[in-house]
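Following this message is one structure expressed as structure tokens.
Along the sequence shown, the residues carry numbers beginning at 1. Quantities reported herein were computed from a predicted structural model and do not represent experimental measurements.
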Amino acid sequence: RKLIALRKDPDLVELFTYGEFVRGQTDDDEVIEYLRVLGSQRVLVVANFKDDAYKIKVEADARILLSTGCVTLADGLLTVGSTSACVLAN
């Protein structure tokens, strides 16, 4: 329900509908990472299916919009725990 609400958020609906899909930096088959970009808006989606945590540097002003499992964001470092996922905006 929270994910559907996020997609329908008036501030994000155009980004999720019309935003460009940009593949993430990882080549790991057990991590899904991508951006949606529309103008100055950017949303990063990360899903970690590995047994270990996945770490990635993100913009300093990034904020977590939605997360499941163990997800932390500190000092520009996003850590997504095993079988966890998140949506970030900046």
Side-chain angles (χ1 to χ4, degrees):
R1 293 180 192 206
K2 290 180 182 180
L3 183 58
I4 292 169
L6 184 63
R7 290 192 67 215
K8 292 183 177 183
D9 183 313
D11 295 330
L12 299 172
V13 70
E14 287 192 20
L15 172 65
F16 283 119
T17 304
Y18 304 111
E20 178 185 1
F21 175 89
V22 180
R23 186 172 181 226
Q25 303 168 352
T26 185
D27 290 328
D28 193 321
D29 291 340
E30 296 181 288
V31 175
I32 296 170
E33 178 188 332
Y34 67 89
L35 288 166
R36 291 300 295 241
V37 180
L38 183 66
S40 63
Q41 286 186 299
R42 295 166 40 113
V43 169
L44 173 66
V45 177
V46 180
N48 179 15
F49 299 99
K50 297 168 43 165
D51 291 333
D52 300 320
Y54 177 73
K55 297 181 181 186
I56 180 174
K57 290 186 179 185
V58 296
E59 299 290 327
D61 63 344
R63 66 189 191 285
I64 297 173
L65 298 177
L66 181 68
S67 67
T68 63
C70 183
V71 176
T72 59
L73 177 60
D75 300 322
L77 182 65
L78 174 67
T79 303
V80 182
S82 176
T83 65
S84 300
C86 66
V87 179
L88 274 79
N90 61 330

- Query: Is it true that Val31 and Ile56 fall in one hydrophobic cluster, defined by side-chain heavy atoms closer than 4.5 Å?
  - Reply: yes
- More than 12 heavy atoms from other groups under 6.0 Å of CD on Glu30: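 Above 12, so yes.
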- Begin from the C-alpha positions of Gln25 and Glu33 and carry the test side-chain contact (heavy atoms from CB on, under 4.5 Å) through to its verdict. CA-CA 7 Å; Gln25 303 168 352; Glu33 178 188 332; 4.0 Å; yes
- Message: Keeping Asn48 on the side-chain end and Val80 on the backbone end, is there a donor-acceptor pair under 3.5 Å?
- Response: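 The answer is yes, because a donor-acceptor pair under 3.5 Å joins these two groups.
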- ring pair (Phe, Tyr, Trp, His ring centres under 6.0 Å) pairs touching residues 51-90, sequence neighbours excluded, are none
Pair up each side-chain donor or acceptor in residues 3-16 with any protein partner under 3.5 Å, not counting sequence neighbours, and list the distances.
unit_1 : atom_1 : unit_2 : atom_2 : d
Asp9   : OD1    : Asp11  : N      : 2.7

- Item | Tyr34: ring pair (Phe, Tyr, Trp, His ring centres under 6.0 Å) partners, not counting sequence neighbours |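 Here the qualifying residues are Phe21.
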- Task: List, by chain and then residue number, the residues other than Tyr18 in its hydrophobic cluster (Ile/Leu/Val/Met/Phe/Trp/Tyr, side-chain heavy atoms under 4.5 Å); write none if there are no others.
- Result: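 Reading the cluster by chain and number, Tyr18 sits alone, since nothing else belongs.
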- Note on the structure: Residues passing the salt bridge (charged side-chain N to carboxylate O under 4.0 Å, His left out) test with Lys50, sequence neighbours excluded, are Asp28
- Query: Roughly how far, to the nearest 0.5 Å, is CG of Asn90 from CZ of Arg42?
  - Reply: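 Those atoms lie 5.5 Å apart.
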- Item | Which atom of Cys86 lies closest to which atom of Leu78, heavy atoms considered | SG-CD2, 3.8 Å
- Message: Just verifying a value: how many Å separate Leu44 CG and Arg36 CZ, rounded to the nearest 0.5 Å?
- Response: 13.0 Å
- Item | Shared hydrophobic cluster for Leu88 and Val46 (ILVMFWY, side-chain gaps under 4.5 Å) | yes
- Indicate if Val87 and Leu38 have the same hydrophobic cluster label, given that clusters are the connected sets of ILVMFWY residues with side-chain heavy-atom separations under 4.5 angstrom.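 Yes, Val87 and Leu38 fall within the same hydrophobic cluster.
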- Is it true that Val37 and Ile32 fall in one hydrophobic cluster, defined by side-chain heavy atoms closer than 4.5 Å?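 Shared cluster, no.
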Please list, one pair per line, the donor and acceptor atoms closer than 3.5 Å that link side chains of residues 57-72 to other protein atoms, with sequence neighbours excluded.
unit_1 : atom_1 : unit_2 : atom_2 : d
Thr68  : OG1    : Ala85  : N      : 3.3

